[in-house]
**Student:** 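Below you'll find the structure I mean.
Throughout, a chain's letter reflects where its sequence line sits, starting with A, and its residues are numbered from 1.
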Amino acid sequence: MTFIRLIAQEIAQVIRDRYNIAPEPLKIGTPPNAALGDMAVECFPLAKQLKTAPTVIAAELATHMAASTPPPAGEDRLIEKATAAGPYLNLTLNTRAYFDYTCRRLFTAPPFALDPDAPPPPRVMVEYLSPNTNKPLHLGHLRNGALGMAVANLQTAAGARVTKANLINDRGVHICKSMLAWQRWGKGETPDSRGVKGDAFVGDWYVRFSREAEKDPSLEDGAQAMLRRWEEGDAETRDTWQMMNRWVYAGFAETYAKLGLTFDAVYYESDTYTLGKQMVEDGLARNVFIRDENGNIVFTLPQDRFGLDEKGAPKRITVLRPDGTSLYVTQDIGTTVKKVTEHRLDRCIFVVGSEQQFHFHCLFAILEALGYAWARSCHHLSYGMVYLPEGKMKSREGKVVDADDLVARMTELASEEIRSRDTEAQLSDAEVSERAAKIGTGAIKFYLLRVKPTQDIHFDPKESISFDGFTGPYCQYAYARICGIVLKAREMGVDEAKADHTTLGNDEERLLAGQLVRFPETVRKAAAEHNPSLVATFLFDTAKLFNQFYNRHSVIRADSAACQNDRLSLTAATARVLKKGLHLLNIETLERM
RNA sequence: GCCCCCGUAGCUCAGUGGAUAGAGCAAUGGAUUCCUAAUCCAUGUGCCGCAGGUCCGAUUCCUGCCGGGGGCACCA
């Protein structure tokens, strides 16, 4: 049971005592300043329920609590004092119970510890990244990857059994373009012979194709012809395709490793693109689909959710062409059913940009019409675009922020920063690059996750990404600083296991505890809403509250041994929260910075 | 035309049906004999896009409008 729920429970009991009603779920907030108390109960919902002014209720509850019999000696009540302030009931918590919970029990309840009574965990697939194999990853993929990993981690924390999937778009005319350009102008070069990453190598040929095709439009026909040869299984075409894809995968693997992107299942569109046709045929036989006047098999979109078209007729989408060739949605029908069946999924989360919202609305409506009950728990995690100052990124023109370049640049910046404070040059090159990698990628991931997914991001490469303020490194730094304190304090014999938390209670300590105690609810909410930015802002606030505490109070130089132990205990609890939270965002922690 | 997202401080963004709407950046000044100054403290600005409606109370919910972005299948 989380701390906030314990508080709510205690208040609910008081309300039952006083009014003989079962209150609606209570909202526990924080008073505007620490002097008022640790937590606040809003009495507005009760006012509605009891048909009494909220100010009267707050006052009556405060009086009732003051008059009630204290618990037996040696047993702590959570709420020590309750004061009415207008429509609010402000609570001052029992110091010992408050900090004991914060420091000792925060991770003993869901979402961090399994509830023995919980039903079996749902099986959830998070599908993310979904790169094309004709070019390297760019900033948009970084946002997708950061979101996918964080959402998967949050689902796991919330008790799900998660499978992370990557559906690689390894076929199609865009890949043929890279192949064609390489065949025509590549002179047998390879990534090795040119000394570049395989994905960058293939991407260069894609850009080259686009440039050449502007001068010579017949190249487009050449790419189409190559796609036909690919579909016919032409050996030479397939060989080239496999070789170039292998180069790309080798490049991707390096990028994944740098960013900590991992997958439990990989699907290739070359395997799945013919799926779904049979399901469409079956659906046609069951009248889920109809054949239109042009011979297309079409699906009529439910009017209640999709409205009507400009002519006032129900909207339709084609799910299979007259010649039996499939479409985007055809293969997604097949692929989704395959994934759900293979992994016995209860839910599917698709991390894909907002420009594909219509597609997923259609896909889910079709799956539902086909009779799949799980279709209702499919979710398209739609996120906003990443813009550059000059507008939308365009791979064709090479107008993108390359993922590897950005990682390299941020890592280099971090590295300079580390060296500038390593004045005695004691750090080895290996140590510097290890720290720089964690800080550089941490900055990027935090930057991409700190805004809610629906928000577009305007990325300014000139300003780049900062290490100060609302950033990943700020949170990492607070953690590293704590590690320094813990190390030093332990050397001095300070022992948080001996803490009884009775010496704590100044404003900074209370505010910090009030923050830490809300971590489980924050994680739960972030998981439920698929919104990692809630965790990012929470971590920043936590680090900030810690820094404020740090600035005014010393652990090592505390007045008494008891206080040293208590403060070390609170400090260590903060470290656990920061570490867990950063890991949820797939950001690494460092013990020294 | 229809659908989705966004509109809050100079900039980038949080936020909530309820206490005085907050952070970061940028600017200015200050703090280190002391646990890491990638830190902390102080100083300012807001018709919360506009107009209605619901409500005891709306920046938050509803409707309409304005502005920006994305999408509207037979490309993926």
Side-chain angles (χ1 to χ4, degrees), chain A residues 27 29 31-33 36 40 42-45 47-48 53-54 85-88 90 130 132 169 171-174 269 273 294 296 298-299 301 305-310 315-322 325 327-332 353-359 361-362 382-385 387 391-392 414 417-418 420-421 439 447 450-460 463 466-471 473-474 476-478 480-489 492 494 533-534 536-537 540-541 543-544 546-558 564 567-568 571 592-593:
Chain A
K27 206 172 149 194
N33 66 68
L36 291 170
E42 291 178 11
C43 297
F44 300 103
K48 213 158 260 173
Y88 297 89
N90 289 327
S130 314
N132 291 355
N169 183 5
R171 62 164 285 281
V173 73
H174 44 292
E269 228 179 80
Y273 83 109
N294 302 320
N296 292 312
V298 298
F299 178 68
L301 297 167
R305 270 174 285 166
F306 291 85
L308 301 171
D309 66 14
E310 56 272 22
K315 291 180 184 169
R316 291 168 165 188
I317 59 164
T318 303
V319 292
L320 199 61
R321 292 194 190 97
T325 55
L327 296 156
Y328 183 31
V329 73
T330 321
Q331 25 173 317
D332 259 7
S354 60
E355 71 272 17
Q356 295 203 27
Q357 265 189 77
F358 182 70
H359 169 73
H361 276 156
C362 293
S382 160
Y383 62 90
M385 319 230 72
Y387 292 98
K392 197 178 173 179
E417 186 79 32
I418 293 163
S420 75
R421 52 194 74 225
I439 296 166
Y447 176 82
R450 68 183 195 172
V451 300
K452 57 177 176 266
T454 50
Q455 185 83 26
D456 289 339
I457 292 179
H458 295 267
F459 179 80
D460 187 343
E463 285 181 17
S466 158
F467 295 157
D468 301 318
F470 184 20
T471 66
Y474 178 93
Q476 287 173 318
Y477 180 68
R481 208 179 214 183
I482 291 174
C483 290
I485 296 172
V486 170
L487 198 68
K488 189 149 186 178
M492 293 169 59
V494 182
S533 79
L534 297 176
T537 49
F540 174 66
D541 291 341
K544 194 174 155 83
F546 175 77
N547 282 331
Q548 286 167 340
F549 159 75
Y550 171 90
N551 207 256
R552 294 192 56 173
H553 309 284
S554 178
V555 175
I556 287 168
R557 255 163 282 277
Q564 287 180 325
R567 285 189 180 157
L568 184 62
T571 299
R592 315 276 309 165
M593 263 175 86

**Student:** When you measure from the side chain of Asn296(A) to the backbone N and O of Arg321(A), does any donor-acceptor pair fall under 3.5 Å?
**Tutor:** no
**Student:** Could you measure between the two P atoms, the one in rA73(B) and the one in rA27(B), and give it in whole Å?
**Tutor:** 48 Å
**Student:** Across the strands shown, which category fits Ile482(A) at heavy-atom distances under 4.0 angstrom: base, sugar-phosphate, nothing?
**Tutor:** nothing
**Student:** Mind checking if Thr537(A) touches a base, just sugar-phosphate, or nothing, with heavy atoms under 4.0 Å?
**Tutor:** sugar-phosphate
**Student:** Is the NZ or CZ atom of Arg316(A) both under 6.0 Å from the centre of the six-membered ring of Phe299(A) and within 45° of that ring's axis?
**Tutor:** no
**Student:** Does Arg171(A) make a cation-pi contact with Tyr273(A) (under 6.0 Å, within 45 degrees of the axis)?
**Tutor:** yes
**Student:** With sugar-phosphate meaning primed atoms plus P, OP1 and OP2, does Val555(A) contact a base, only sugar-phosphate, or nothing at under 4.0 Å between heavy atoms?
**Tutor:** base
**Student:** Check the distance between rC35(B)'s P and Gln564(A)'s CD and give it to me in whole angstrom.
**Tutor:** 14 Å
**Student:** Nearest to the side chain of Gln548(A) - rU39(B), rC41(B), rC35(B)?
**Tutor:** rC41(B)
**Student:** What contact category does Ala489(A) fall into here, base, sugar-phosphate, or nothing, at under 4.0 angstrom with non-hydrogen atoms?
**Tutor:** nothing
**Student:** Just checking Leu320(A): base, sugar-phosphate only, or nothing, at a heavy-atom cut-off of under 4.0 Å?
**Tutor:** nothing
**Student:** Over all strands shown, is Arg552(A) touching base, sugar-phosphate only, or nothing at heavy-atom distances under 4.0 angstrom?
**Tutor:** nothing
**Student:** If I pick the C1' atom on rA42(B) and the same atom on rC6(B), what distance separates them, to the nearest angstrom?
**Tutor:** 35 Å
**Student:** Considering only the P atoms, how many Å lie between rU33(B) and rA38(B), rounded to the nearest integer?
**Tutor:** 16 Å
**Student:** Would you list the protein and nucleotides 72-76 of chain B atom pairs, both N or O, that sit under 3.5 Å from each other?
**Tutor:**
residue, atom, partner, partner atom, Å
rA73(B), N1, Arg316(A), O, 2.9
rA73(B), N3, Thr318(A), N, 3.0
rC74(B), O3', Arg321(A), NH2, 3.3
rC74(B), O2', Arg321(A), NE, 2.9
rC75(B), OP2, Arg321(A), NH2, 3.3
rA76(B), OP2, Tyr328(A), N, 3.4
rA76(B), O3', Glu269(A), OE1, 2.5
rA76(B), O3', Glu269(A), OE2, 3.3
rA76(B), O2', Asn169(A), ND2, 2.8

**Student:** Return the nearest nucleotide to the side chain of Tyr477(A); candidates are rA37(B), rC40(B), rC6(B).
**Tutor:** rA37(B)
**Student:** At less than 4.0 Å, is any side-chain N or O atom of Lys452(A) found next to OP1 or OP2 of rC13(B)? Yes or no.
**Tutor:** no
**Student:** Could you tell me the separation between the CD atom of Gln476(A) and the C1' atom of rU39(B), rounded to a whole number of Å?
**Tutor:** 15 Å
**Student:** For Gly172(A), report the nucleic acid contact type (base, sugar-phosphate, nothing); a contact means any heavy atom under 4.0 Å.
**Tutor:** nothing
**Student:** Taking the six-membered ring for Trp, are Phe467(A) and Tyr474(A) ring centroids under 6.0 Å apart?
**Tutor:** no
**Student:** Check whether the side chain of Arg421(A) and the base of rA38(B) form a donor-acceptor pair under 3.5 Å.
**Tutor:** yes
**Student:** Any sub-3.5 Å donor-acceptor pair from Thr454(A)'s side-chain atoms to Tyr383(A)'s backbone N or O?
**Tutor:** no
**Student:** Work out how far the P atom of rG18(B) is from that of rU59(B), and round it to whole angstrom.
**Tutor:** 11 Å
**Student:** Should we count NE2 of His553(A) as having more than 12 external heavy atoms under 6.0 Å?
**Tutor:** yes
**Student:** Which residue, His361(A) or Ile556(A), contacts RNA chain B at a nucleotide closer to its 5' end, judged by nearest heavy atom?
**Tutor:** His361(A)
**Student:** What integer number of Å spans the P atoms of rG24(B) and rU20(B)?
**Tutor:** 22 Å
**Student:** Name the closest nucleotide to the His458(A) side chain, picking from rC40(B), rC13(B), rA38(B).
**Tutor:** rC13(B)
**Student:** Decide yes or no for Ile457(A) and Val451(A): does some side-chain heavy atom of the first lie under 4.5 Å from some side-chain heavy atom of the second?
**Tutor:** yes
**Student:** Which whole-number value in Å describes the distance from Met593(A) CE to rU36(B) P?
**Tutor:** 14 Å
**Student:** Please confirm whether the backbone N or O of Ile556(A) pairs with a side-chain atom of Lys488(A), one donor and one acceptor, at under 3.5 Å?
**Tutor:** no
**Student:** Quick check against the 3.5 Å criterion: does Arg450(A) have a side-chain atom that pairs as donor or acceptor with the backbone of Phe470(A)?
**Tutor:** yes
**Student:** With rounding to the closest Å, how many angstrom separate the P atoms on rC65(B) and rA58(B)?
**Tutor:** 24 Å
**Student:** Between Tyr447(A) (OH) and rA14(B) (P), how many Å, whole number?
**Tutor:** 12 Å
**Student:** Taking protein heavy atoms under 4.0 Å as touching, what does nucleotides 16-27 of chain B look like 5' to 3' if B marks base contact, S marks sugar-phosphate-only contact and - marks none?
**Tutor:** S-BB---SSS--
**Student:** Between Tyr550(A) and Ala478(A), which has a closest nucleotide on RNA chain B that is more 5'?
**Tutor:** Tyr550(A)
**Student:** Give a yes or no on whether the backbone of Ala558(A) and the side-chain of Gln564(A) come within a donor-acceptor separation of less than 3.5 Å.
**Tutor:** no
**Student:** Write down the distance separating the P atoms in rC50(B) and rG7(B), rounded off to the nearest Å.
**Tutor:** 13 Å
**Student:** Find the distance Ile457(A):CD1 to rG70(B):P and express it as a whole number of Å.
**Tutor:** 16 Å
**Student:** How close or far is atom C1' of rC35(B) from atom NZ of Lys488(A), stated in whole angstroms?
**Tutor:** 6 Å
**Student:** Sticking with atom C1', work out how far rC40(B) lies from rC48(B), rounded to a whole angstrom.
**Tutor:** 30 Å
**Student:** Rounded to the nearest 0.5 Å, how far apart are CG of Asn169(A) and CG of Asn132(A)?
**Tutor:** 4.0 Å
**Student:** Strictly below 4.0 Å: does Tyr387(A) bring a side-chain N or O up to OP1 or OP2 of rG68(B)?
**Tutor:** no
**Student:** Can you list every stem that RNA chain B is part of, counting only runs of 3 or more consecutive Watson-Crick or G-U wobble pairs with both distances under 3.5 Å?
**Tutor:** B:1-7 with B:66-72, B:10-13 with B:22-25, B:27-31 with B:39-43, B:49-53 with B:61-65
**Student:** Between Thr318(A) (side chain only) and Leu320(A) (backbone N and O only), is there a donor and an acceptor less than 3.5 Å apart?
**Tutor:** no
**Student:** With the side chain counted from C-beta on, respond yes when Ile317(A) and Val298(A) share a heavy-atom pair under 4.5 Å apart, and no when they do not.
**Tutor:** no
**Student:** Using whole Å, what does the distance between atom P of nucleotide rU33(B) and atom CZ of Arg557(A) come to?
**Tutor:** 11 Å
**Student:** Taking the side chain as every heavy atom from C-beta outward, state whether Glu417(A) and Ile439(A) have any atom pair closer than 4.5 Å.
**Tutor:** no
**Student:** Would you kindly give the CD-to-P distance between Gln357(A) and rC3(B), to the nearest whole Å?
**Tutor:** 13 Å
